[in-house]
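A short worksheet on the structure shown next.
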Amino acid sequence: MRRLVSADNLLIATLWARVLEDAGVRCEIRNRFIGAALGELPADCVSPEIWILNERDLNAATLLLDELRTPRGLAAWRCPRCAEELEGQFYQCWNCATTQHQRG
Ligand SMILES: [Zn+2]
């Protein structure tokens, strides 16, 4: 077991843990219940932590977290139907209404 990172709140910790698990990094969230048990403590004393089970996952996990914490712009995409070039934030082609998840 190795502590990977502490998150600002449980919501973020849960999100990060899910992404890590999806990538094959086994991890768990600690301090999950301390906040409820010690309700008077300020939130920053009970930040949830993400621990990884296998040290060999440390590099991959660190890279994943870096990407999560510094979100880049979504990649531009080309509509598979009409070949329109679209900005990453657009989910749907403005030209022919093809949605992005239909590509590929
Ligand atoms: Zn289109």
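Atoms within a ligand are numbered from 1 in the order they appear, just like the ligands themselves. Predicted, not measured: the structure shown is a model, and the values here were computed from it.
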field: Carboxylate-amine/guanidinium proximity below 4.0 Å for Glu49 and Arg30
entry: no

- prompt: CG of Asn95 to CD of Glu85: how many Å apart, nearest 0.5 Å?
  reply: 12.5 Å

query: Are Asn9 and Ser47 close enough, and set up right, to give a side chain to side chain contact (heavy atoms under 4.5 Å, CB included), and what steps lead you there?
result: CA-CA 6 Å; Asn9 59 57; Ser47 297; over 6 Å; no

Check: Trp77 side chain, Phe90 main-chain N or O, donor-acceptor pair, under 3.5 Å: yes

- prompt: Under the 3.5 angstrom rule, does the side chain of Gln92 hit a backbone N or O of Ala97 as a donor-acceptor pair?
  reply: yes

- request: Taking 2.8 Å as the upper limit, name the protein N, O or S atoms near the Zn ion (ligand 1).
  value: Cys79 SG, Cys82 SG, Cys93 SG, Cys96 SG

task: Compare every heavy atom of Cys82 with every heavy atom of Cys79, then report the nearest pair and how far apart it is.
output: SG-N, 3.4 Å

